[in-house]
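Here is the structure we will look at.
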Amino acid sequence: MAGAKLKRFQMKYVGCFFLILFLSAWFFERYNLIYPLPLICTFFCFMIAILEWKVERIIKGVSLISYGILLGIFLAKAIIYSEELAKTLPMNVIDNLEIFKNLVIFSCSGAGGSIIANHAERFLSEKDISPQQEIRAVNYDKQFRVLQHELTKTRTYLIYFSSAILILFLIILAMII
């Protein structure tokens with residue numbers, strides 16, 4: 001089982017671990033470059049847990065969209081809960097949270113919307129082709145060969161004509177110099 005994938009309930013526990021790691025770094029005011037990594041890992045672990053959830057597609061899609069909206073909007077408000085706190089934080093922390101918020105909202109709404117669209121695709125009915133609408137194959141090989149021959153003749157004419165113009169230009173240029 002060393003190479004086995006983590007199951008959905010295990011992903012929840014890994015996500016909770018990273019969330020606790022992020023909250024402890026936030027609580028102890030360790031705003032270095034590593035602090036957003038546990039938050040990103042938390043987000044992806046819970047997102048994978050929702051994606052691997054064994055429910056109908058419509059419920060899974062709506063759950064992903066709701067998860068993205070709730071985490072993207074309310075997490076930033078919960079972490080930076082006042083203007084005074086926002087003024088004391090380094091600017092890169094606020095920028096990183098804004099980037100994270102956009103990542104969460106766009107990725108969850110995109111994935112959830114795709115799952116819902118895939119669910120809706122099952123209910124589309126294909127049009128039956130009636131005998132009158134039957135596609136008839138027409139052979140245009142002869143017309144294609146005639147057009148190809150005409151194109152070859154035109155190309156040859158253009159090459160000869162441009163060569164003659166170039167030679168005349170060189171003769172005139174030689175006479176001037």
Side-chain angles (χ1 to χ4, degrees), residues 1-140:
M1 257 208 191
K5 290 173 56 176
L6 289 175
K7 295 189 177 170
R8 185 175 65 85
F9 69 91
Q10 291 171 331
M11 291 300 287
K12 289 180 194 175
Y13 294 134
V14 172
C16 288
F17 168 74
F18 283 120
L19 183 62
I20 292 169
L21 193 64
F22 170 76
L23 292 175
S24 63
W26 187 263
F27 180 73
F28 292 114
E29 297 178 355
R30 301 289 182 209
Y31 309 122
N32 55 14
L33 295 175
I34 299 174
Y35 91 91
L37 290 179
L39 187 59
I40 293 170
C41 292
T42 301
F43 160 67
F44 280 117
C45 288
F46 287 139
M47 184 175 171
I48 290 170
I50 293 173
L51 285 172
E52 292 178 352
W53 193 16
K54 302 289 184 203
V55 293
E56 289 205 25
R57 289 180 180 166
I58 192 81
I59 295 172
K60 189 183 294 189
V62 170
S63 297
L64 267 173
I65 293 171
S66 301
Y67 171 65
I69 290 171
L70 291 175
L71 189 67
I73 292 174
F74 295 122
L75 183 71
K77 299 265 189 226
I79 291 175
I80 303 174
Y81 52 86
S82 69
E83 289 291 325
E84 294 83 30
L85 178 64
K87 290 177 184 174
T88 62
L89 293 175
M91 195 60 186
N92 67 341
V93 172
I94 297 170
D95 291 341
N96 287 342
L97 280 175
E98 187 67 29
I99 291 169
F100 176 75
K101 181 177 90 168
N102 291 337
L103 169 84
V104 169
I105 291 173
F106 292 138
S107 61
C108 283
S109 61
S114 298
I115 291 172
I116 292 172
N118 193 8
H119 174 73
E121 188 76 22
R122 291 192 297 169
F123 298 107
L124 291 177
S125 62
E126 296 291 326
K127 287 186 175 180
D128 294 332
I129 298 177
S130 64
Q132 296 171 355
Q133 294 176 339
E134 198 172 290
I135 300 172
R136 296 180 188 162
V138 180
N139 193 353
Y140 289 110

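- In this structure, K60 NZ and E52 CD are separated by 8.5 Å, a value rounded to the nearest 0.5 Å.
- Nearest approach of I115 to R57, heavy atoms of both residues: CG2-O, 3.2 Å.
- Looking only at side-chain heavy atoms (C-beta outward), I73 and I105 come within less than 4.5 Å of each other.
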Taking only distance into account, with no hydrogens and no angle test, what donor-acceptor pairs under 3.5 Å do side-chain atoms of residues 62-70 form with protein atoms, sequence neighbours excluded?
| residue | atom | partner | partner atom | Å |
| --- | --- | --- | --- | --- |
| S63 | OG | I59 | O | 2.7 |
| S66 | OG | V62 | O | 2.8 |
| Y67 | OH | F43 | O | 3.2 |

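- Minimum interatomic distance between S107 and M47 (heavy atoms only, all atoms of both residues): O-CE, 4.0 Å.
- Here salt bridge (charged side-chain N to carboxylate O under 4.0 Å, His left out) pairs that include residues 95-112, with residues two or more places apart or in two chains, are E98-K101.
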